[in-house]
Amino acid sequence: MPSPLFDEHADALELAPRLLGATLSAGGVTVRLTEVEAYLGVGVDPGSHAFRGPGRRNATMFGPPGRLYVYFTYGMHWCANVVCSPEGQASAVLLRAGEVVEGIEIARSRRPNCARDTQLASGPARLTRTLGLTGDDDGVDLATGRVRLTLPPRPVEGFATGPRTGVSGPGGSAEFPWRFWMPGEPSVSAYRAHAPQRRITRR
DNA sequence: GAAATGATCGTCT
DNA sequence: GACGATCATTTCA
């Protein structure tokens, strides 16, 4: 069942808070999203992969909405996004964290070193690993493909917003408070409110 | 407990 | 040739 959500003319900023509470299912595991980040398109968002226009990696972002954009980073991690805007606009929402609500055994087997269940998907790369997502899932249609997105019956209320995490340069500043999360959820990482404190004493 | 570090490679300059 | 929308582990105070 395709969601009417993506038929509306919207971008990642509008859709990000509405993805909170949504569930994502893949490979026998279902995760309920508790933390996301919005990324916009060409020229407007210095932190976005789409900022400099289409390229090899970000092609999916420029495609139709409702698809999964998966990319590889830091030489070992996969991160997943939901493409939001109409074709050509390239705005997407990074899925940062969630809570495993189904397939907990499979999830644990995919993350053998994970101490607590609340940390199974408490980070973008952990989330993809727990769901078994890789570059093979890039471009999958979330309504009909092997990865499924189900929106909550009603948008969650009382979500929080703040600066994005892990984005260096101008895009990471408070100028773009495009991180959205559900306060109090244990799967949401305890982020430092500002840049990490530098250690005072050095050798 | 907090901060530094090593792992590891595709993509773009 | 540098660096990244990160994580797990080690190291330090």
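Throughout, protein chains are lettered first and strands after them, A, B, ... in sequence-line order, and every chain is numbered starting at 1.
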Specify the residues of residues 107-120 of chain A, ordered by number, for which at least one heavy atom lies under 4.0 angstrom from an atom of DNA chain C. A:Arg111, A:Asn113
What residues, two or more places apart in sequence or in another chain, satisfy ring-ring contact (aromatic ring centres under 6.0 Å, His included) together with A:Phe72? A:Trp78
Is A:Thr34 reaching over with its side chain to a backbone N or O of A:Met182, donor-acceptor style, under 3.5 angstrom? no
Just by distance, do the side chain of A:Asp141 and the backbone of A:Ala143 share a donor-acceptor pair under 3.5 Å? yes
Counting heavy atoms from C-beta on, name the nucleotide in [options] closest to the side chain of [X].
X       : options               : result
A:Arg56 : C:dA5, B:dC12, C:dT6  : B:dC12
A:Arg57 : C:dT6, C:dA5, B:dG10  : C:dA5
A:Arg52 : C:dT6, B:dT13, B:dG10 : B:dT13
A:Met76 : C:dC7, C:dA5, B:dT8   : B:dT8
A:His49 : C:dA5, B:dG10, C:dT6  : C:dA5

Dot-bracket for DNA chain B, 5' to 3', with Watson-Crick and G-U pairs under 3.5 Å, [ ] for crossing pairs and | for other-strand pairs: what is it? |||||||.||||.
To the nearest 0.5 Å, what is the distance between CG on A:Leu95 and CG on A:Leu20? 10.0 Å
Rounded distance [0.5 Å steps], CZ in A:Arg164 versus CG in A:Asp45: 4.0 Å
For B:dA3 versus C:dA5, give the span between their P atoms, rounded off to a whole number of Å. 22 Å
Could you note down all residue pairs passing salt bridge (Lys or Arg N to Asp or Glu O under 4.0 Å) where residues 128-138 of chain A supplies at least one of them, sequence neighbours left out? A:Asp137-A:Arg146
In the structure I gave you, are the side-chain heavy atoms of A:Asn81 and A:Thr60 within less than 4.5 Å of one another anywhere? no
Quick one: label A:Arg129 by what it contacts on the DNA or RNA (base, sugar-phosphate, nothing), any heavy atom closer than 4.0 Å. nothing
For A:Tyr74, which contact category applies under a 4.0 Å heavy-atom criterion: base, sugar-phosphate, or nothing? base
With a centroid cutoff of 5.5 Å and a plane-angle limit of 30°, would you call A:Tyr39 stacked on C:dA5? yes
Within the structure, does a side-chain N or O atom of A:Arg126 lie under 4.0 Å from either OP1 or OP2 of C:dA8? yes
Contacts satisfying side chain to side chain donor-acceptor pair (under 3.5 Å) that involve residues 62-77 of chain A (not counting sequence neighbours) are A:His49-A:Tyr69
N/O donor to acceptor pairs below 3.5 angstrom from side-chain atoms of residues 111-121 of chain A, sequence neighbours left out:
residue, atom, partner, partner atom, Å
A:Arg111, NH1, A:Gln119, O, 3.2
A:Arg111, NH1, A:Leu120, O, 2.7
A:Asp117, OD1, A:Arg108, NE, 3.1
A:Asp117, OD2, A:Arg108, NH2, 2.7

